[in-house]
K.L.:
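The structure that follows is given in the form of structure tokens.
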Amino acid sequence: MSAKDSILIVEDEDRLAGLLADYLKAAGYAVHRLGEGPPVAAWVRTHHPALVLLDLMLPGRDGLEVCREIRTFSQVPIIMTTARVEEVDRLLGLELGADDYVCKPYSPREVVARVKAVLRRGGAEPARCAGALSLDPDSLRVRAAEREIELTAVEFALLATLHAAPGRIFARDRLMDRIYQDHRIVSDRTIDSHVKKLRRKLADLLPGRELIHSVYGVGYRYEEREDAP
Ligand code: CA
């Protein structure tokens with residue numbers, strides 16, 4: 001990067017904000033911090049940060065309102081951070097225009113990796129990469145390079161859902177909604193076990209590539225590019 005990408009951290013926990021700032025600076029970003037909701041939109045409008053890390057629970061105005069406010073005038077990438085896993089389902093349901101979500105407690109290293117990933121894929125518009133896989137819904141087969149595997153209907157539905165929106169996090173609940181008519185009959189563990197089998201088959205197809213990433217406490221996302229460690 002020529003000019004330093006600037007990251008706005010909106011976080012009312014001072015220690016956490018300081019820690020994040022240190023890690024992001026070490027990764028080469030310029031960092032600005034705000035500790036409450038009300039001044040955020042005006043700051044973004046004036047300073048045009050490259051990305052906003054936005055805490056959900058903030059004094060003055062919460063992260064959801066702030067996010068909506070920013071989206072009225074800017075497509076700056078926004079990563080929401082939240083301490084409440086159950087909130088993430090709500091966030092995903094609202095589709096309010098955040099680009100990614102991180103659950104607390106998180107490691108600052110993980111946040112830096114997410115920041116890099118979101119900036120790399122250009123924020124709000126997930127990169128439509130050529131793609132390593134080609135999916136054929138009629139035969140339930142997936143091809144990559146010269147190889148081909150056959151999936152079960154459930155595995156195929158799971159992969160097709162994730163694959164259609166690279167980088168996007170799907171909560172287990174939403175995946176179950178997509179896959180089963182009546183998801184009350186299946187548990188979270190069912191999704192996990194299908195993902196496990198699916199990963200094993202994909203590993204035969206593309207050895208050494210991790211395509212389906214777990215998002216701790218939330219669900220899964222499909223990403224062909226590896227996050228920087
Ligand atoms: Ca907070």
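Sequential numbering from 1 along the given sequence is applied to the chain's residues. Order of appearance sets the numbers: ligands from 1, and atoms from 1 within every ligand.
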K.L.:
How many angstroms lie between CD in E11 and CG in L56, if you round to the nearest 0.5 Å?
P.N.:
10.5 Å
K.L.:
Salt bridge between D204 and R147, side-chain N to carboxylate O under 4.0 Å?
P.N.:
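No.
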K.L.:
Near the Ca ion (ligand 1), which protein N/O/S atoms are found at less than 3.0 Å?
P.N.:
D12 OD1, D55 OD2, M57 O
K.L.:
Identify, with sequence neighbours excluded, every residue that meets side-chain hydrogen bond (donor to acceptor under 3.5 Å, both in side chains) alongside H32.
P.N.:
W43
K.L.:
Among all residues two or more places apart in sequence or in another chain, which pass the salt bridge (Lys or Arg N to Asp or Glu O under 4.0 Å) test with D14?
P.N.:
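For D14 the salt bridge (Lys or Arg N to Asp or Glu O under 4.0 Å) partners, ignoring immediate neighbours, are R33.
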K.L.:
Holding to salt bridge (Lys or Arg N to Asp or Glu O under 4.0 Å), I want the full list of residues that pass it with K25, two or more places apart in sequence or in another chain.
P.N.:
none
K.L.:
Does I70 offer a backbone N or O that forms a donor-acceptor pair with the side chain of S74 under 3.5 Å?
P.N.:
no
